[in-house]
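All residue numbers in this chain count up from 1 along the given sequence.
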Amino acid sequence: MNCLSATVKYLLYLLNVVFVAGGILLLVVGSIMMSDIGIFGSFADTVNARTIPICIIVLGCIIFVVAFIGCSGTIRENAGCTTVYAVCMFILFALQLALSIWIFVEYDSFVEKMGNLVDTAFKENDSDGRLPMDTLQLSFECCGVKDFTDYGDKVPLSCCGFLKIDESCEPAVYTARPGCREKFTDFWKSNMSLISWGSLIIALFELTIFVISCCLASAMRKR
């Protein structure tokens with residue numbers, strides 16, 4: 001293998017290390033999304049809110065496994081393994097591109113579903129103002145669906161950031177807090193934008209790796 005091929009080999013190896021980290025990152029992001037949606041329990045199933053997080057977790061697992069195989073094949077200079085890796089990387093590129101396009105297309109629909117989750121949780125909350133609204137209000141420092149007036153004269157303690165019954169919830173605190181629908185959907189808007197553009201960039205990165213791995217496999221066969 002000449003100097004150029006050796007350089008390409010180690011460049012591809014380093015890129016695969018980055019992709020292993022990228023796969024782990026997708027797993028973490030998907031898990032965080034699932035955890036945030038999980039505070040609504042069975043309410044989340046009524047609007048299929050878990051679809052996108054599950055897809056992100058699955059894709060993260062696939063990227064991690066494929067990148068790990070790519071690292072092994074590159075270091076061992078196995079042309080067959082590198083070729084299989086190149087094919088897998090092209091498939092990953094197609095899947096990642098499809099995910100990016102899907103997220104762009106479903107962006108408004110998904111954000112609306114997140115808003116509907118808050119509406120459903122508020123309507124079906126128990127009489128004591130407990131989960132899931134308390135969890136949401138504590139996590140996002142919000143109060144009610146639109147604002148504190150949704151509770152009338154009985155504003156729950158979670159609107160002030162605590163649940164201790166021996167403390168009082170001051171109006172100055174809960175009146176300053178935004179509605180949970182606005183706060184929760186804003187959170188998902190920022191996350192969806194990050195994931196959609198990030199996925200598109202990774203897809204282009206994967207296409208580059210596909211081309212490099214094909215060239216490297218060809219060089220391995222000519223040795």
Side-chain angles (χ1 to χ4, degrees), residues 1-37 48-111 113-114 187-223:
M1 186 178 288
N2 57 35
C3 182
L4 180 59
S5 296
T7 301
V8 172
K9 167 189 169 181
Y10 288 106
L11 174 62
L12 187 60
Y13 176 78
L14 290 175
L15 290 174
N16 275 295
V17 171
V18 172
F19 264 92
V20 168
I24 294 174
L25 181 61
L26 282 177
L27 285 171
V28 172
V29 171
S31 299
I32 291 174
M33 292 175 72
M34 285 291 287
S35 176
D36 288 334
I37 293 175
N48 298 319
R50 293 187 173 93
T51 304
I52 291 180
I54 289 174
C55 289
I56 292 173
I57 291 173
V58 171
L59 188 60
C61 291
I62 295 173
I63 289 176
F64 177 81
V65 172
V66 171
F68 185 79
I69 293 173
C71 288
S72 301
T74 303
I75 289 298
R76 294 179 181 178
E77 299 182 10
N78 186 310
C81 186
T82 304
T83 301
V84 171
Y85 166 71
V87 173
C88 290
M89 189 55 67
F90 182 78
I91 294 173
L92 268 180
F93 159 73
L95 290 174
Q96 193 87 31
L97 184 62
L99 177 64
S100 300
I101 295 173
W102 183 42
I103 291 176
F104 276 117
V105 171
E106 293 293 322
Y107 178 86
D108 291 333
S109 175
F110 187 79
V111 171
K113 286 179 180 179
M114 294 301 100
F187 170 79
W188 284 105
K189 284 178 182 178
S190 60
N191 273 275
M192 292 290 287
S193 297
L194 177 64
I195 293 169
S196 57
W197 285 107
S199 295
L200 185 59
I201 292 171
I202 291 174
L204 296 175
F205 202 44
E206 287 167 344
L207 182 61
T208 303
I209 291 181
F210 164 72
V211 175
I212 294 175
S213 56
C214 285
C215 294
L216 182 60
S218 177
M220 288 177 178
R221 291 193 184 93
K222 293 177 181 178
R223 285 194 307 166

- If we only count heavy atoms from C-beta on, is the Ile209 to Tyr85 side-chain gap below 4.5 Å? yes
- Task: Could you pull out all residues at least two apart from Tyr107 that satisfy ring-ring contact (aromatic ring centres under 6.0 Å, His included)?
- Result: none
- Message: Just to verify, what does Phe210 make a side-chain contact (heavy atoms from CB on, under 4.5 Å) with, not counting sequence neighbours?
- Response: Ala86, Met89, Phe90, Leu207, Cys214
- Query: Does Ile62 have any side-chain contact (heavy atoms from CB on, under 4.5 Å) partners at least two apart in sequence or in another chain, and if so, which?
  - Reply: Val58, Val66, Leu92
- Message: Quick one, Ile63 and Glu206 - any side-chain contact, counting heavy atoms below 4.5 Å?
- Response: yes
- Euclidean distance, Ile56 CD1 relative to Cys61 SG, rounded to 0.5 Å: 12.0 Å
- Taking only residues two or more places apart in sequence or in another chain, which ones pass side chain to side chain donor-acceptor pair (under 3.5 Å) with Thr83? Arg221
- Val84 meets the side-chain contact (heavy atoms from CB on, under 4.5 Å) criterion, sequence neighbours left out, with Cys88
- Got a sec, which residues hit ring-ring contact (aromatic ring centres under 6.0 Å, His included) with Trp102, two or more places apart in sequence or on another chain? none
- Message: If I compare all heavy atoms of Cys55 with all of Leu99, which pair ends up nearest, and what's the gap?
- Response: CB-CD1, 4.4 Å
- Query: Can you list the residues that meet the side-chain contact (heavy atoms from CB on, under 4.5 Å) rule with Ser109, with sequence neighbours excluded?
  - Reply: Glu106, Lys113
